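Below is one structure; the comments refer to it alone.
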Amino acid sequence: MPQLTEELIRKRAEHNEGVLSDLEEIALHQQEIEKIESIEACCRHIKILLLQNNIIPKMEGLNKLKELEYLNLALNNISKIEGIEGCESLRKLDLTVNFVSVEELEESVYNLKANMMLEDLYLTGNPCVDWSGCRAYVIAHLPQLKQLDAKLVLPRERIKARQQLPRLQQDLEVAIEEARRKRLAAAGEPVSEGAYTKESRNEMYLELAEQKAEKERNEKRRMGMEPKELRTVPGVYNARGEIRQCNEGKYNFDLDDWTYPDKIVFELGVPKYLDTTALDVDVNPLYVRVVVKDKVTQLKLSAEVKPDASKVQRSRTTGLLHIDMPLVEPHQVKERKAPEPELQPLKPSMDPPGRLGYSTGDGGPSKTVSIQGIYKDPKRVAPKKQDTLLREVKTTRATPKATEEEEEDEIPPLECRK
């Protein structure tokens with residue numbers, strides 16, 4: 001259940017820009033409030049106080065509100081009117097649907113006699129109203145009232161009530177005894193389901209409070225405003241008992257253990273405008289640990305160092321964190337390894353067409369591979385013809401002269417094709 005704190009009052013005083021010193025009116029209804037508190041200390045000049053529809057069981061924390069004019073406590077669990085004798089300016093009091101019984105009526109009316117400015121009173125819905133003489137009894141004891149339960153108090157009604165006061169007092173005592181007997185008789189009986197009691201109201205408002213809280217949590221989760229759980233900073237050692245190595249903040253860092261023969265240098269690129277008080281540096285003989293806003297950067301050292309002789313500095317221009325850690329034994333410094341040659345991709349070489357070659361990248365001779373004649377498509381390559389040479393035929397004549405007919409029949413020699 002929420003408490004009536006200064007924070008809640010300030011939240012409900014938005015119409016006054018959250019200022020409480022001169023606050024004159026505030027509505028605190030339907031807040032599932034169980035106790036009236038903080039009002040006297042925060043709102044001394046309050047004039048209108050609305051506390052209806054809560055589960056307040058007792059009127060308290062109101063006696064110092066001298067300027068209070070209207071107090072609404074309807075739909076609560078109040079069983080007796082009290083605690084407002086000091087409210088000198090009170091003019092209207094609303095106690096509709098509470099639990100003021102006949103047994104508490106006499107004392108409740110007596111406590112209202114000090115409020116001389118009280119003109120309007122509401123008691124509708126209380127058990128005391130079931131007594132037929134309740135209205136006349138209240139009017140007879142409170143002459144300052146002008147209206148009771150939204151009905152004007154006429155002069156003749158007031159005179160008649162004053163005349164009947166002795167008889168009303170006797171009837172009240174009888175009604176009290178009867179109410180006590182009923183209460184004792186019903187003490188051992190189970191309460192019927194759905195009965196309007198203080199316990200049922202408390203149970204109902206508890207459920208409402210849980211539903212409202214769940215709705216607020218869902219809304220904060222949807223808006224990304226849900227409060228995060230407190231983060232636990234990891235320890236020095238991991239689950240295996242080894243020194244943890246991590247960089248949770250993902251800051252740029254450099255651990256130099258070979259440039260200087262007598263120390264190890266550690267640099268961490270923390271944000272430039274980060275306050276130095278947010279840094280926690282721990283130099284151990286075997287590790288260095290820096291905590292920046294609950295984010296740990298921890299590294300294991302290659303050699304043992306002297307924590308008491310270490311020096312921590314921070315740059316004023318870049319914010320860089322610089323830590324010098326002298327070695328216990330300078331000879332334990334790591335030797336710098338020779339850089340390994342970088343691997344170069346193969347590059348195509350300038351070879352004649354038809355030959356595919358790659359160079360090694362170091363200026364040496366390139367290796368080539370001929371790709372001619374590897375594959376021939378039978379559909380595109382014509383079949384090879386046979387080179388057949390024809391024999392040369394020679395003819396000879398016996399007679400030196402030949403006739404014209406023989407000359408015409410002479411066959412010329414064949415030419416061979418190459």
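These numbers were taken from a predicted model, which means no experiment stands behind them. Every heavy atom of this structure was used, including side-chain atoms; hydrogens, water molecules and symmetry mates were not. Count residues from 1 along the sequence.
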Could you tell me if [Y] and [X] have a donor-acceptor pair between their side chains, going purely by distance under 3.5 Å?
| X | Y | result |
| --- | --- | --- |
| Asn284 | Arg289 | no |
| His322 | Glu267 | yes |
| Thr276 | Arg314 | yes |
| Asn111 | Ser108 | no |

Using the ring-ring contact (aromatic ring centres under 6.0 Å, His included) rule, collect all pairs that involve [range], keeping only residues at least two apart or in two chains.
| range | value |
| --- | --- |
| residues 276-298 | none |
| residues 154-176 | none |
| residues 14-50 | none |

Could you check whether [X] pairs with [Y] (Lys NZ or Arg NE/NH1/NH2 to Asp/Glu carboxylate O, under 4.0 Å)?
| X | Y | result |
| --- | --- | --- |
| Glu6 | Arg10 | yes |
| Glu177 | Arg180 | yes |
| Lys80 | Glu107 | yes |

> Could you give all pairs that pass the salt bridge (Lys or Arg N to Asp or Glu O under 4.0 Å) test and reach residues 112-123, with sequence neighbours left out?
Replying inline: Arg91-Glu119, Glu119-Lys146
More than 12 heavy atoms of other residues, nucleotides or ligands under 6.0 Å from [atom1] of [X]: is that the case?
| X | atom1 | result |
| --- | --- | --- |
| Lys198 | NZ | yes |
| Lys306 | NZ | no |
| Phe253 | CZ | no |
| Glu203 | CD | no |
| Glu17 | CD | no |

>> According to salt bridge (charged side-chain N to carboxylate O under 4.0 Å, His left out), who are the partners of Arg44, at least two apart in sequence or on a separate chain?
In response: none
>> Please identify which of these residues, Leu49, Leu51, Ile48, meets the side-chain contact (heavy atoms from CB on, under 4.5 Å) condition with Ile26.
In response: Leu49
Checking [X] now: which residues fulfil side chain to side chain contact (heavy atoms under 4.5 Å, CB included) with it, not counting sequence neighbours?
| X | result |
| --- | --- |
| Asp22 | Asn16, Val19 |
| Glu88 | Lys66 |
| Gln211 | Leu208 |
| Asn72 | Leu50, Gln52, Tyr70, Ala74, Asp94 |

> Does the Asn54 side chain pair with the main chain of Leu28, one donor and one acceptor, at a distance under 3.5 Å?
Replying inline: yes
> Under the side-chain hydrogen bond (donor to acceptor under 3.5 Å, both in side chains) test, which residues partner Arg222, sequence neighbours left out?
Replying inline: Glu219
Can you give me every donor-acceptor pair (side chain of residues 152-162, partner residue at least two apart or in another chain, under 3.5 Å) with its distance?
from   : atom 1 : to     : atom 2 : distance (Å)
Glu157 : OE2    : Arg135 : NE     : 2.7
Arg158 : NH1    : Pro143 : O      : 3.0
Arg158 : NH1    : Leu145 : O      : 3.4
Arg158 : NH2    : Leu145 : O      : 2.7
Arg162 : NH1    : Ala140 : O      : 2.9

> Among all residues two or more places apart in sequence or in another chain, which pass the ring-ring contact (aromatic ring centres under 6.0 Å, His included) test with Phe99?
Replying inline: Tyr196
